[in-house]
There are 2 protein chains.
Amino acid sequence: MEKKVETNLCPFTTTIGLIGGRWKSIILYLLSDHTRRFGEISARMPSISRKVLTEQLKELEADGLIRREQFKEIPPRVEYSLTPLGQSLKPILNDLAAWGQEMVLDK
Amino acid sequence: MEKKVETNLCPFTTTIGLIGGRWKSIILYLLSDHTRRFGEISARMPSISRKVLTEQLKELEADGLIRREQFKEIPPRVEYSLTPLGQSLKPILNDLAAWGQEMVLDK
DNA sequence: AGTAACTGTTACCTTTTGGTAACAATGAAA
DNA sequence: TTTCATTGTTACCAAAAGGTAACAGTTACT
């Protein structure tokens, strides 16, 4: 439960801590062009459970990479989008996707 | 134990599968300039156990990102280096490190 | 004979991560 | 009054990941 924000000197440990894991980079990528609702993200990532998606979104928000906006409506509507810090990752996310794309094609 | 090489259509799943996890990007970064021995890598990453380091190196080798060269000497000497595929990741690794470095400094 | 050097492997245990299913909240629509 | 829609939370369980400690193998050095 105690997820200490690593004041680690290693820049990789820092980066991996923020955007590592199986899901975060995909989530960030999904948000890189659009503000999206919870249900949209979930629908585009069928292999992640809602529970874990909620957790990942909370961590990304706590780390300042995404913004969560909740509208006082019934049924609820919640929109997620990238913060400026999150935006600063876009080039890296694109490179990661491009590299993976090459891997897929060259197979 | 069955680590199937994902023929997944999602480029992120592919990339994360290959270089994700807490350790792999750091290992690749350590090897990006130098061929290094097992003991060297271990010494530079004190927080990873030898067991897990061995596992990660095996996976990286199996995925074609690093090369393992074993010399028939006593005591044993084993050297690890990047393959061309691994080399192709260097720009991304540098970007990840640079991004993390900014995070550390801006704190 | 005993020990150090180096790169692992193996057995066993703990911690972390993730899944499923049930529940919650609430207004609108049927 | 019942159901639907949406975004979660919670309790509980299973799987994955990682740690520690002991052992292996071989030559040279003391």
Give one of base, sugar-phosphate or nothing for B/Lys58, where a contact means two heavy atoms less than 4.0 Å apart. sugar-phosphate
Contact class for B/Tyr80 vs. all strands (heavy atom < 4.0 Å): base, sugar-phosphate, or nothing?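 If one applies the 4.0 Å heavy-atom cut-off, B/Tyr80 turns out to touch the sugar-phosphate alone, with no base involved.
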For [X] and [N], give me the distance from atom [atom1] to atom [atom2], rounded to whole Å.
X       : N      : atom1 : atom2 : value
B/Gln70 : D/dG25 : CD    : P     : 15 Å
B/Leu57 : C/dT7  : CG    : P     : 11 Å
B/Lys72 : D/dT27 : NZ    : C1'   : 15 Å
B/Glu69 : C/dG8  : CD    : C1'   : 18 Å
B/Ile16 : C/dT17 : CD1   : P     : 16 Å
A/Glu73 : D/dC4  : CD    : P     : 21 Å
A/Lys24 : C/dT17 : NZ    : P     : 9 Å
B/Arg37 : C/dC6  : CZ    : P     : 6 Å

For a 4.5 angstrom cut-off between non-hydrogen side-chain atoms, does A/Thr54 reach A/Lys51?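 With C-beta onward as the side chain, the pair stays apart.
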Restricting to salt bridge (Lys or Arg N to Asp or Glu O under 4.0 Å), what partner residues turn up for A/Glu79, sequence neighbours left out?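 Listed in chain order: A/Arg77.
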Salt bridge (Lys or Arg N to Asp or Glu O under 4.0 Å) involving A/Glu40 - partner list, sequence neighbours excluded: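 By the salt bridge (Lys or Arg N to Asp or Glu O under 4.0 Å) rule, A/Glu40 matches A/Arg36.
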At what angle, to 10 degrees, do the two end axes of the helix from C/dA1-D/dT30 to C/dA30-D/dT1 meet, given five pairs define each axis?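 The angle separating the two end axes equals 30°.
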Is there a side chain to side chain contact (heavy atoms under 4.5 Å, CB included) between A/Ile27 and A/Leu53 once you walk through the steps? CA-CA 9 Å; A/Ile27 295 171; A/Leu53 179 55; 3.8 Å; yes
For B/Arg68, enumerate each residue passing the side-chain hydrogen bond (donor to acceptor under 3.5 Å, both in side chains) test, keeping only those at least two apart in sequence or located in another chain. B/Gln70, B/Tyr80
For B/Ser42, what residues pass the side-chain hydrogen bond (donor to acceptor under 3.5 Å, both in side chains) criterion, not counting sequence neighbours? none
Could you encode protein contacts along nucleotides 18-30 of chain C as a string, one character per nucleotide from 5' to 3', using B for base contact, S for sugar-phosphate-only contact and - for no contact, with a heavy-atom cut-off of under 4.0 Å? BBB-B---BS---
Point-to-point distance, once rounded to the nearest 0.5 Å, from CG of B/Leu93 to CD1 of A/Ile92: 10.5 Å
Run the numbers on B/Lys24 and B/Leu60 for side chain to side chain contact (heavy atoms under 4.5 Å, CB included), then give the verdict. CA-CA 8 Å; B/Lys24 287 185 178 171; B/Leu60 288 169; 3.8 Å; yes
State whether the side chain of B/Thr35 and the backbone N or O of B/Leu31 hold a donor-acceptor pair below 3.5 Å, judged by distance alone. no
